[in-house]
Amino acid sequence: SISTIPLQHAVSSYEDEIAMFRQEIEAREAELVHLHSLWKEQLSLSKELEQFADQVQQDQNSLELESRAFDDSAKLLSKSLAKVQTEVDQLSIVRLPLCLFDLQVDERGLRYPLINQLRLAFRPKGDASEHEIRAAWSQATQLLLTLGSLLQYRSNEWKLVPLADCAK
């Protein structure tokens with residue numbers, strides 16, 4: 001029985017050490033499970049960040065395209081504005097000789113526009129003769145021809161015939 005006590009003491013010591021190792025292994029396994037869950041969470045966050053970065057890149061590309069389109073539109077509008085300003089400048093220097101055309105509305109209440117004292121009507125009516133109306137339309141056509149020449153207006157769709165029997 002004397003020799004069994006140290007043996008029991010050694011066995012007890014080994015069992016205590018084994019129990020301590022089991023506790024340590026369980027603690028390490030719990031830590032490993034915790035680390036594995038943290039790794040999965042980190043992986044999920046990485047995927048979300050990657051998707052977010054992709055979306056930000058797409059948004060940036062879209063903004064760059066819109067910015068270029070805006071710049072192109074701004075350039076086109078600037079060119080159009082410059083063209084219009086040039087036309088306005090050209091129109092502002094045009095001065096028709098006042099002796100060639102006198103335009104006014106008939107003061108007598110007949111509501112005929114007058115060009116060089118000729119009534120510009122659609123058809124003869126009352127004392128407005130066909131000859132007077134044709135002459136008025138010829139004068140109006142000459143005015144349009146003069147304006148077109150001064151403004152350098154070209155058209156394949158419109159033709160002016162100012163001196164014919166009835167201007168067209």
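Throughout, numbering of the chain's residues begins at 1 and tracks the sequence.
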Self-check item: Side-chain heavy-atom pair Lys83, Thr86 within 4.5 angstrom cut-off
Solution: no
Exercise. Find the distance between OG (Ser138) and CD1 (Ile133) and round it off to the nearest 0.5 Å.
Key: 13.5 Å
Exercise. With rounding to the nearest 0.5 Å, note down the distance linking OG in Ser13 to CD in Gln8.
Key: 13.0 Å
Quiz prompt | CG-CG distance between Leu45 and Leu38, expressed to the nearest 0.5 angstrom | solution = 10.5 Å
Quiz item: If you draw a 6.0 Å radius around CD in Glu64, do more than 12 non-hydrogen atoms from other residues or ligands fall strictly inside?
Solution: yes
Practice problem: Report the residues that fulfil side-chain contact (heavy atoms from CB on, under 4.5 Å) with His36, sequence neighbours left out, ordered by chain and then residue number. | Solution: Trp39, Lys40
Practice problem: Would you please name every residue forming a side-chain contact (heavy atoms from CB on, under 4.5 Å) with Gln55, sequence neighbours left out? | Solution: Gln58, Asp59
Quiz prompt | Partner residues of Glu29 under the side chain to side chain donor-acceptor pair (under 3.5 Å) criterion, sequence neighbours left out | solution = none
Exercise. Write out all pairs satisfying salt bridge (charged side-chain N to carboxylate O under 4.0 Å, His left out) with one or both partners inside residues 42-54, taking only residues at least two apart or from two chains.
Key: none
Counting only pairs under 3.5 Å, give me each side-chain donor-acceptor contact of residues 67-79, with atom names and distances, residues two or more places apart or in other chains.
from  : atom 1 : to    : atom 2 : distance (Å)
Ser73 : OG     : Ala69 : O      : 3.0
Ser78 : OG     : Ala74 : O      : 2.9

Exercise. Sorted by first residue and then second, give each salt bridge (charged side-chain N to carboxylate O under 4.0 Å, His left out) pair with at least one member in residues 8-26; sequence neighbours left out.
Key: Glu24-Arg28
